[in-house]
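Data first, discussion second: the structure below is written as structure tokens.
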Amino acid sequence: MTFTEKALAVIQSIPEGKVMTYGSVAAAAGSPRGARQVVRVLHSLSDKEGLPWHRVVNREGRISLERGRGYELQKALLEDEGVVFGLTERIDLDTYLWQPSTSA
DNA sequence: CTCGTGACTCCCG
DNA sequence: TCGGGAGCCACGA
């Protein structure tokens, strides 16, 4: 089981209306410092595995992508799932952060 | 095998 | 408080 596979499983475990940070996914996958690998996983498998890449945001609960890069798409997808963006285009992690270990 | 890369994160200035 | 730089890890060429 590689980090990529674990990350893949973790990301797929994120339910609608919830989000996870790169760091959290990485940690859940076994590498607290592997946030960047999560990025890689999204890039490489989001398309093939049909991952909910839009449910992955940065540590601030914000979309890392820039306007015109996918930002609006991700935001739209999340809002469609019930995720609310704050006045600062930010997601309230206290409310929407998905924590795999705490749910089961 | 070594080098480069990346939708990150943290620490220091 | 804000900005810049280095660290990090795994994967593709």
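Side chains included, hydrogens not; waters and symmetry mates left out as well; all remaining heavy atoms used. A, B, ... follow the sequence lines: proteins, then strands. Residue 1 opens every chain. Just so it is clear, the model here is predicted, and its values are computed rather than measured.
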Please list, for nucleotides 8-11 of chain B, all pairs of protein and nucleotide N/O atoms separated by less than 3.5 Å.
unit_1 : atom_1 : unit_2  : atom_2 : d
B:dC8  : N3     : A:Arg36 : NH1    : 3.3
B:dC8  : N4     : A:Arg36 : NH1    : 2.9
B:dT9  : OP1    : A:Arg59 : N      : 3.1
B:dT9  : OP2    : A:Arg59 : N      : 2.9

Is A:Thr4 touching bases, backbone alone, or none of the nucleic acid, heavy atoms closer than 4.0 Å? sugar-phosphate
Working to the nearest 0.5 Å, report the span between OG of A:Ser31 and CZ of A:Arg36. 14.0 Å
Point-to-point distance, once rounded to the nearest 0.5 Å, from CG of A:Leu78 to CG of A:Leu73: 9.0 Å
Starting at CD1 of A:Ile91 and ending at P of B:dA7, how long is that distance when rounded to a whole Å? 18 Å
Ignoring hydrogens and angles, tell me if any N or O in the side chain of A:Gln74 forms a donor-acceptor pair with the backbone of A:Val56 under 3.5 Å. yes
Can any side-chain N or O of A:Lys18 pair as donor or acceptor with the backbone N or O of A:Thr95 at less than 3.5 Å? yes
From NZ of A:Lys48 across to P of C:dC11 the rounded distance in Å is 14 Å
Is the phosphate of C:dC8 approached by A:Ser31 (side-chain N or O, under 4.0 Å from OP1 or OP2)? no
Would you kindly give the CZ-to-C1' distance between A:Phe3 and C:dC8, to the nearest whole Å? 11 Å
For a quick test of reading the model: is some side-chain N or O of A:His43 closer than 4.0 Å to OP1 or OP2 of B:dA7? yes
Working to the nearest 0.5 angstrom, can you tell me the gap between A:His54 NE2 and A:Leu65 CG? 12.5 Å
Measure from CG on A:Asp47 to P on B:dA7 and round the result to the nearest Å. 16 Å
Between C1' of B:dA7 and CZ of A:Arg69, the distance in whole Å: 10 Å
Using the test salt bridge (Lys or Arg N to Asp or Glu O under 4.0 Å), find all partners of A:Lys6 that sit at least two apart in sequence or belong to another chain. none
Spacing of A:Arg67 atom CZ relative to B:dA7 atom C1', expressed in whole Å: 16 Å
